[in-house]
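These notes are about the structure you will find just below.
So that the names make sense, note that chain A is the first sequence line, chain B the second, and so on, each numbered from 1.
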Number of protein chains: 2
Amino acid sequence: MTITNDLFKKLTFFSEPEFKGELLQHGQLLSFNKGDVIVRDGQYVKFLPIVLKGAIRVFQQSEDREILLYYVRAEETCTISLAAAYFNNKSTSHGVVTEPTEVLIFPASLIEQWQLKYPSWNRYVMQMFRTRYDQLISSFQGVAFEHIDVRVLEYLKNTAHNEGSKSVCLSHQQLAAELGTTRVVVSRILKEYERKKKIKLFRGRIELL
Amino acid sequence: MTITNDLFKKLTFFSEPEFKGELLQHGQLLSFNKGDVIVRDGQYVKFLPIVLKGAIRVFQQSEDREILLYYVRAEETCTISLAAAYFNNKSTSHGVVTEPTEVLIFPASLIEQWQLKYPSWNRYVMQMFRTRYDQLISSFQGVAFEHIDVRVLEYLKNTAHNEGSKSVCLSHQQLAAELGTTRVVVSRILKEYERKKKIKLFRGRIELL
DNA sequence: ACAGAACGGTATCAAATGATACACAACCAA
DNA sequence: TTGGTTGTGTATCATTTGATACCGTTCTGT
């Protein structure tokens, strides 16, 4: 896609014509495939990405497990990159592309000056921080207070709802990675929920009843 | 304390004289005592507080347990209040004063317009979001991946270090509340650490060796 | 067509954490 | 001084989650 007004059909958040001009001037379009690593833990962030299409999965990793932080979808940016870029610090998590993805990137040095010049950009930044913070608080609360079986069901319901579907397509291994537990625990819990007639299990897919 | 230039001896972050004037004009000084509730979960935030002196403990609560999010100390604000206030939403956690505290509050409606007018305020807001974000990410990682005994020791070391002391003054019950576990688990773990000569236990106080 | 990889389910055992109870010591307010 | 409260430590048991292993089925790449 050429970097033209098509861009602003995908980025409806920004309103100032001059700002759009600067985005065109300083921005660079990149395409990624599933599996590409966008952000690495411990890495400096020089450019801020805004997703135009597709998704980036942002997560934390320990020696033998990982856990989902959030997904960056169309019109969103990665707040950890934003926070890191703003103060020229390192990222504190990983970001991997989960489906074909198009991204607009621009130098991180522009973040602050744009905040002072363009209210819609400032509002966007605050909105991103706010949304992620709420998501993170919610996840934190789940991990701290809820049993893993409850979290499994909540995840399935939320994901199905967000996709406007009754099914969720992912393996037990993937679900375990999202929630920071092991594949065997997930298989055990899902089988129990199937016995209780809350879900129906297929290979690579889980249907909510 | 009268709201004069004394204020800016405690708020060194802001540099624009005009901004200082607006803080004096719109700000209001309040004092609180230990135990006072500043923020309630589910409550709208109309005013943003900046702590001048003292501390506010911000935490989440479930039916029978709670867990620390962060402490708001001098020159800091509560990011959850900030996020809630900015978009006129409800707070997602509780804030309670832990020692005699002085706070400057001003209407939340001023946050955004000040961001556009005063770079030091904008930088402050971003800094607050960034700091809290990092803290939350770190706490999340601990809860998700680390055993409770490791988290106990980390908490004690961090707290002692932040206070420039070798001791931490708090009960087992309070430590349990900070970490989202039970008093019995904490007593058991601390006793074991004492046996391993990593700490020394006193009533209401824990000394690091 | 076939070998290897991936997925799912179950079994068994261990470790970690939570629940409940109780006893004792230290502290504090009257 | 004293009674009540708070704090601490231990015991016992239950539940939850993790580790390891194994087996059978399905899928995929050559």
Side-chain angles (χ1 to χ4, degrees), chain A residues 34-35 60-68 98 139 141-156 167-208, chain B residues 34-35 61-67 98 139-156 167-207:
Chain A
K34 176 173 175 162
Q60 275 182 318
Q61 222 167 26
S62 73
E63 292 151 5
D64 51 359
R65 254 186 293 136
E66 65 186 63
I67 193 166
L68 174 74
T98 56
S139 296
Q141 186 157 27
V143 172
F145 296 139
E146 292 171 2
H147 289 283
I148 186 65
D149 57 343
V150 172
R151 291 174 56 222
V152 163
L153 202 55
E154 278 175 1
Y155 180 91
L156 293 177
S167 289
V168 178
C169 291
L170 85 179
S171 67
H172 297 193
Q173 179 62 51
Q174 286 171 317
L175 182 44
E178 296 290 79
L179 301 178
T181 184
T182 66
R183 195 275 305 171
V184 180
V185 169
V186 167
S187 293
R188 190 191 299 159
I189 288 170
L190 290 176
K191 206 65 188 176
E192 187 58 29
Y193 276 134
E194 190 176 48
R195 279 200 204 90
K196 292 176 175 174
K197 310 240 187 267
K198 290 178 186 268
I199 61 174
K200 202 163 188 178
L201 294 175
F202 308 85
R203 183 187 168 105
R205 187 168 74 85
I206 301 156
E207 187 178 301
L208 291 162
Chain B
K34 176 172 175 166
Q61 223 168 26
S62 74
E63 292 151 5
D64 51 359
R65 256 187 290 140
E66 65 187 64
I67 193 165
T98 56
S139 295
F140 184 78
Q141 186 157 26
V143 172
F145 297 139
E146 290 170 4
H147 289 283
I148 188 65
D149 57 342
V150 172
R151 290 174 57 222
V152 162
L153 201 54
E154 277 176 2
Y155 180 91
L156 293 177
S167 289
V168 176
C169 291
L170 87 177
S171 66
H172 298 193
Q173 180 61 50
Q174 286 172 317
L175 182 45
E178 297 290 79
L179 301 178
T181 184
T182 66
R183 197 273 306 169
V184 181
V185 169
V186 168
S187 292
R188 189 190 298 158
I189 288 171
L190 289 176
K191 206 65 186 176
E192 186 58 29
Y193 276 133
E194 191 178 46
R195 278 200 204 91
K196 292 176 175 173
K197 311 245 186 263
K198 289 178 186 270
I199 60 173
K200 201 162 188 178
L201 295 174
F202 306 87
R203 182 188 169 103
R205 186 169 72 87
I206 301 157
E207 187 179 302

For residues I67(A) and A144(B), report the shortest heavy-atom separation together with the two atoms involved.
-> CD1-CB, 3.8 Å
For nucleotides 26-30 of chain D, which of its nitrogen or oxygen atoms have a protein nitrogen or oxygen under 3.5 Å away, and what is each distance?
| from | atom 1 | to | atom 2 | distance (Å) |
| --- | --- | --- | --- | --- |
| dT26(D) | O2 | R203(A) | NH2 | 3.4 |

Can you find a pair of side-chain heavy atoms, one from T98(B) and one from K34(B), that are under 4.5 Å apart?
-> no
How far does CD of E146(B) sit from CD of Q141(B), to the nearest 0.5 angstrom?
-> 7.0 Å
State whether E192(A) and R195(A) are salt-bridged, where the test is any N-O pair (Lys NZ or Arg NE/NH1/NH2 against Asp/Glu carboxylate O) under 4.0 Å.
-> yes
Of V185(A), I206(A), L175(A), I199(A), which is the lone residue that meets side-chain contact (heavy atoms from CB on, under 4.5 Å) with V152(A)?
-> L175(A)
Which heavy atom of V143(A) sits nearest a heavy atom of F140(B), and at what distance?
-> CG2-CE1, 3.9 Å
If you look at every strand shown and take non-hydrogen atoms under 4.0 Å, does R195(A) touch a base, only sugar-phosphate, or nothing?
-> sugar-phosphate
Determine the contact category for L190(B): base if any of its heavy atoms lies under 4.0 Å from a base atom, sugar-phosphate if only primed atoms, P, OP1 or OP2 are that close, otherwise nothing.
-> nothing
Nearest-Å distance for atom pair CD/C1', residues Q173(A) and dG18(D) = 14 Å
For V185(B) and for L170(A), find the nucleotide of DNA chain C with the closest heavy atom, then tell me which residue's nucleotide is more 5'.
-> L170(A)
Is the shortest heavy-atom distance from the side chain of Y155(A) to the side chain of V150(A) under 4.5 Å?
-> no
Distance, rounded to the nearest Å, where I199(B) contributes CD1 and dT8(D) contributes P | 11 Å
For nucleotides 14-16 of chain D, give me every protein contact, N/O to N/O, under 3.5 Å, one pair per line with atom names.
| from | atom 1 | to | atom 2 | distance (Å) |
| --- | --- | --- | --- | --- |
| dT16(D) | O3' | H147(A) | ND1 | 3.3 |

Outermost nucleotides of DNA chain C that come under 4.0 Å of a non-hydrogen atom of chain B = dA16(C) to dC27(C)
How long is the line joining CZ of R151(A) and C1' of dG18(D), in whole Å?
-> 14 Å
For the side chain of R183(B), starting at C-beta, report the closest nucleotide among dA19(D), dG9(D), dT12(D).
-> dG9(D)
Sub-3.5 Å donor-acceptor pair from the side chain of R183(B) to the main-chain atoms of H172(B), do we have one?
-> no
Would you mind reading off the bend of the helix from dA1(C)-dT30(D) to dA30(C)-dT1(D) from its two end axes, five pairs each, to 10 degrees?
-> 50°
Residues E207(A), R205(A): salt bridge by 4.0 Å N-O rule = yes
Scan R205(A) against the nucleic acid and name what it touches under 4.0 Å (heavy atoms): base, sugar-phosphate only, or nothing.
-> nothing
The reported gap from CG in L156(B) to CZ in R151(B) (rounded to nearest 0.5 angstrom) is 12.0 Å
If each of I189(B) and V184(B) is mapped to the nucleotide of DNA chain C with the nearest heavy atom, which maps nearer the 5' terminus, i.e. the 5' end?
-> I189(B)
Measure the distance from NZ on K191(A) to P on dT25(D) and round it to the nearest whole Å.
-> 14 Å
Distance, nearest 0.5 Å, that separates OG1 of T181(A) from CD1 of I189(A) | 6.5 Å
With sequence neighbours excluded, tell me which residues meet salt bridge (Lys or Arg N to Asp or Glu O under 4.0 Å) with K200(B).
-> none
Pull out every residue in residues 174-181 of chain A that has a heavy atom closer than 4.0 Å to any atom of DNA chain C, ordered by number, or say none.
-> none
Could E194(A) and K191(A) be called an ion pair, given the rule that one side-chain N must be under 4.0 Å from one carboxylate O?
-> yes
Nearest heavy-atom pair of D149(A) and Y193(A): which atoms, and what distance?
-> O-OH, 2.7 Å
Check whether any side-chain heavy atom of E66(B) sits under 4.5 Å from a side-chain heavy atom of E178(B), and report yes or no.
-> no
Looking at CZ of F145(A) and CD of E63(B), how far apart are the two atoms once the value is rounded to the nearest 0.5 Å?
-> 10.5 Å
